[in-house]
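Chain A is the first sequence line, chain B the second, and so forth, proteins listed ahead of strands; every chain is numbered from 1. None of the values given here were measured: they were computed from a predicted structure.
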Amino acid sequence: MNFRRFSLISVPYLWLFILFLVPFGIVFKISLSDYAISIPPYTPTLDLTEGWAGFKAFLSALDFENYVFLTEDDLYWKAYLSSLKIAVFATALTLLVSFPIAYGMANAPDEWRPTLMMLVILPFWTSFLIRVYAWMGILSQEGFLNQFLMGIGIISDPLIILNTNWAVYIGIIYTYCPFMILPIYATLEKLDPSLNEAAVDLGCSRTSSFWLVTLPLAKPGVIAGCFLVFIPALGEFVIPSLLGGSRTLMIGKVLYEEFFANRDWPVASAVAVVLLLILIIPIVMYQRNQQKMMEAEQ
Amino acid sequence: MRRLTWFNTTSLTLGFAFLYLPMVILIIYSFNESRLVTVWAGFSTKWYGELLQNQAFLDAALVTLKVGVASSTIATVLGTMAAYVLVRGGRFFGRTLFSGMIYAPLVMPEVITGLSLLLLFISIGLDRGMITIVLAHATFSMCYVSVVVSSRLVSFDKSLEEAALDLGCSAFEAFRLVTLPIIAPAVISGWLLALTLSLDDLVIASFVAGPSSTTLPIKIFSSVRLGVSPEINALSTILILIVAVGTISASLVTKRAVKRRQMEEKMAGD
């Protein structure tokens with residue numbers, strides 16, 4: 001192997017190794033430590049001046065106590081469950097909102113499509129924080145939505161939406177729907193219209209040809225979109241802390257507060273490790289789905 | 001049968017209204033005279049004036065811009081190298097680990113990335129500040145860059161590189177003279193993506209930033225936690241307009257480039 005090839009490989013490799021992989025090792029190590037009032041706020045710290053004995057003492061002081069604590073304290077497993085529930089429900093709602101949009105885009109005239117695509121992508125380039133913030137002014141009690149609904153006489157008292165889970169759902173649907181629309185659109189766009197025509201010729205109604213032909217063929221896109229929404233939604237922090245209320249329990253927010261408000265680094269690290277373990281399953285499933293799609297194309 | 005039924009038209013109209021109305025409302029209310037953001041009290045640009053007077057926001061904007069340019073440039077170099085290694089590198093020790101490390105950060109929750117990087121910086125004794133934010137941002141954006149660049153590398157004809165090598169180019173010259181010009185659009189869009197990600201990031205930055213290196217998203221977040229404010233509406237409007245103008249002009253430029261290439265190909269064919 002020549003030197004140039006070696007350095008080409010090793011520079012990005014080492015960068016990711018040190019700044020991505022090693023930090024996880026550190027998180028895992030600290031999750032086995034104990035909280036202490038010191039700097040840094042955990043114990044034990046590795047003392048290499050004592051050589052092998054110091055290392056052995058360090059190892060023996062590590063334990064899984066924090067993980068036991070996570071199962072014992074209601075807050076954490078409730079937060080995991082509630083994040084899972086919110087992420088599943090929000091993904092389903094995002095699918096319901098996004099599918100008709102993607103379907104409409106796929107049926108639009110050819111010359112409109114690049115513009116429609118750009119209109120879907122444009123919000124993605126706009127600050128996430130600002131898009132979430134925009135809803136604060138709309139959903140509050142004196143906000144735009146309540147003014148509008150009361151103005152046209154649908155409701156007489158303002159709805160309380162901001163600082164509830166509903167606001168979190170709306171925030172997730174709004175910020176993540178481009179991730180759902182684009183993969184679904186990509187599969188629908190490639191779909192051969194003559195398949196539907198054949199189904200109709202053979203006696204299907206338009207509706208049943210949608211259920212029997214279009215939907216099964218769009219499945220890979222739907223699955224990809226669902227994972228692209230579900231995975232980040234599970235660890236979401238900004239949306240629950242701006243739109244959710246004090247009763248909205250999401251694990252990303254719990255982790256953030258454990259670290260910054262309680263300064264309990266070992267517990268925060270344990271929360272992170274468990275979240276990562278939960279996420280491995282959908283991530284692997286997502287990659288399988290992507291591989292299947294690639295193989296189907298070839 | 002591709003046709004716009006009433007159902008398609010309605011879902012497109014409602015869908016795009018849902019996507020854009022919140023931002024339109026935000027922009028309209030940034031010109032509201034009243035401090036009470038929900039009550040319309042007449043047209044005014046005074047919040048833009050107040051924003052320009054607010055030194056803390058201006059400082060934060062400057063920090064964000066510096067971090068963004070530095071981190072996206074590092075990310076582009078590293079990400080392009082990584083993409084080249086993944087697509088053209090052949091087999092080497094730990095290739096699976098390498099591609100795993102490229103794809104994993106894309107789906108990693110930000111709270112975990114932020115926490116782990118902070119713990120790394122503390123354990124090696126690196127003071128938190130602009131440098132730590134640049135390192136953090138470069139790390140996760142290089143993965144996005146490498147995904148964008150590698151999709152371009154996969155799709156172009158490898159024999160062009162081989163021809164350059166046969167004609168006496170060194171490997172580096174072949175990269176510089178043949179490969180780089182061809183993948184340049186992907187490299188540029190990778191850089192823009194990395195810049196956007198960096199300018200936008202709140203969670204990772206709030207873990208790894210020091211007290212003297214507040215970025216704009218951190219500043220915005222800490223003030224919107226207290227509620228909606230007209231200055232933030234004005235700031236958001238400016239940011240939305242910058243992105244809209246940037247994206248639309250970029251797409252017009254690419255459209256024109258594609259048209260010109262089609263013309264040239266047609267003329268070459270005649």
Side-chain angles (χ1 to χ4, degrees), chain A residues 4 8-9 11-13 15-17 19-24 26-27 30 40 100-101 103-105 107-108 118-119 122-123 125-131 133-138 140 142-144 147 174 193 196-197 231-232 234-235 237-238 242 252 255-256 259 268-269 272 275-276 279 283, chain B residues 1-5 8-9 11-12 15-16 18-19 22-23 25-26 29 37-38 78 81-82 84-85 89 92 94 98 101-102 104-105 107 109-112 115-117 119-120 122-123 135 139 142 171-172 196 199-200 202-203 217 220-221 224-225 227-228 232 236 239-240 243-244 247 251:
Chain A
R4 219 175 235 148
L8 183 67
I9 294 175
V11 171
Y13 204 130
W15 181 288
L16 283 174
F17 190 80
L19 283 150
F20 183 72
L21 211 58
V22 171
F24 281 119
I26 297 175
V27 169
I30 290 178
I101 303 178
Y103 189 67
M105 283 169 68
N107 283 307
M118 204 184 77
L119 284 174
L122 193 61
W125 291 88
T126 317
S127 166
F128 184 83
L129 188 56
I130 290 174
R131 282 182 291 150
Y133 165 72
W135 284 95
M136 289 176 72
I138 296 174
S140 68
E142 323 73 62
F144 192 82
Q147 282 182 20
Y174 182 67
N196 281 82
E197 279 159 26
I231 294 168
L234 194 63
F237 164 73
V238 177
L242 287 185
L255 195 161
Y256 192 90
F259 192 85
S269 303
L275 175 59
L276 203 61
L279 276 174
I283 289 173
Chain B
M1 60 213 105
R2 293 202 192 280
R3 48 197 204 107
L4 271 179
T5 56
N8 293 148
T9 324
S11 57
L12 280 180
F16 284 105
F18 172 66
L19 275 177
M23 286 193 259
I25 293 171
L26 184 74
Y29 274 87
V37 272
T38 47
L78 289 171
M81 284 169 86
Y84 197 79
V85 167
F92 57 88
F98 185 66
M101 287 195 299
I102 294 283
V107 288
E110 289 166 318
V111 278
I112 296 185
L115 175 73
S116 65
L117 280 165
L119 295 179
L120 170 82
I122 285 173
S123 59
L135 288 175
T139 306
M142 73 171 273
F172 182 68
T196 319
L199 299 184
D200 201 19
L202 162 73
V203 179
I220 295 177
F221 183 70
V224 303
R225 263 197 145 168
V228 181
I232 300 288
S236 308
L239 295 175
I240 290 174
V243 170
T247 321
S251 89

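For B:L78, the parts sitting under 4.5 Å from any heavy atom of chain A are the backbone and the side chain alike. Interface remark: B:I232 contributes backbone and side-chain atoms alike to the contact with chain A (heavy atom separation under 4.5 Å). Heavy atoms closer than 4.5 Å to chain B are found in the side chain of A:I283, but not in its backbone. Within the 4.5 angstrom heavy-atom criterion, no atom of B:A171 approaches chain A. Contacts between A:I138 and chain B at a heavy-atom distance below 4.5 Å involve the side chain alone, from C-beta outward. With a threshold of 4.5 angstrom between heavy atoms, A:I231 approaches chain B through side-chain atoms but not through N, CA, C or O. Interface remark: A:P123 contributes backbone and side-chain atoms alike to the contact with chain B (heavy atom separation under 4.5 Å). For a residue to count as touching a neighbouring chain, one of its non-hydrogen atoms must lie under 4.5 Å from one of that chain's; by this rule A:L234 does not touch chain B. Of the two parts of B:I122, only the side chain, counted from C-beta on, holds a non-hydrogen atom closer than 4.5 Å to a non-hydrogen atom of chain A. Only the side chain of B:T196 comes within contact range of chain A, with heavy atoms under 4.5 Å apart. For A:L119, the parts lying under 4.5 angstrom from a heavy atom of chain B are both the backbone and the side chain.
With respect to chain B, the highest number of heavy-atom pairs below 4.5 Å among A:F128, A:F237, A:Y174, A:Y103 belongs to A:Y174. Between chain A and the residues B:P217, B:P109, B:A244, B:P105, the largest count of heavy-atom pairs under 4.5 Å involves B:P105. Top candidate by heavy-atom pairs under 4.5 Å with chain A, chosen from B:L26, B:I240, B:V224, B:I102, is B:V224. Across B:I220, B:L19, B:L117, B:L239, the residue that shares the most heavy-atom pairs under 4.5 angstrom with chain A is B:L19. Chosen from A:S140, A:G235, A:A272, the residue pairing most often with chain B at heavy-atom distances under 4.5 Å is A:A272. Chain A forms more heavy-atom pairs under 4.5 Å with one residue of B:I25, B:T247, B:T9 than with any other, namely B:I25.
Taking each heavy atom of A:A134 and B:P22 in turn, the nearest pair found is CB-O, 3.9 Å. Nearest heavy atom pair, residue A:P100 against residue B:S11, reads O-OG, 3.2 Å. Between A:Q147 and B:Y29 the shortest heavy-atom distance is OE1-OH, 4.3 Å. Of all the heavy atoms in A:I26 and B:S123, the pair that sits closest is CD1-OG, 3.4 Å. Here the closest heavy-atom approach between residue B:G15 and residue A:I101 is recorded as CA-CD1, 3.4 Å. Looking at every heavy atom in both residues, A:L129 comes nearest to B:L202 through CD1-CD2, 4.2 Å.
Side-chain contact check for B:L120 versus A:L19: some heavy-atom pair is nearer than 4.5 Å. Two residues are said to be in side-chain contact when any heavy atoms from C-beta on lie closer than 4.5 Å; A:Y256 and B:L115 fail this criterion. A heavy-atom distance below 4.5 Å is found between the side chains of B:F221 and A:L242.
At most 12 heavy atoms of other shown residues, nucleotides or ligands fall within 6.0 angstrom of atom CZ in A:F17.
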**Study point:** Criterion side-chain contact (heavy atoms from CB on, under 4.5 Å) on A:L279 and B:V107, from CA distance to verdict
**Key:** CA-CA 9 Å; A:L279 276 174; B:V107 288; over 6 Å; no
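Ring-plane geometry between A:W135 and B:F18 is classed as tilted, the angle between the planes lying from 30 to 60 degrees on a 0 to 90 degree scale.
A side-chain donor-acceptor contact under 3.5 Å links A:Y13 to the backbone of B:G94.
Here B:N8 contributes atom CG and A:N107 contributes atom CG; the two are 4.5 Å apart, rounded to the nearest 0.5 Å. To the nearest 0.5 Å, atoms CG (B:D200) and CH2 (A:W125) are separated by 11.0 Å.
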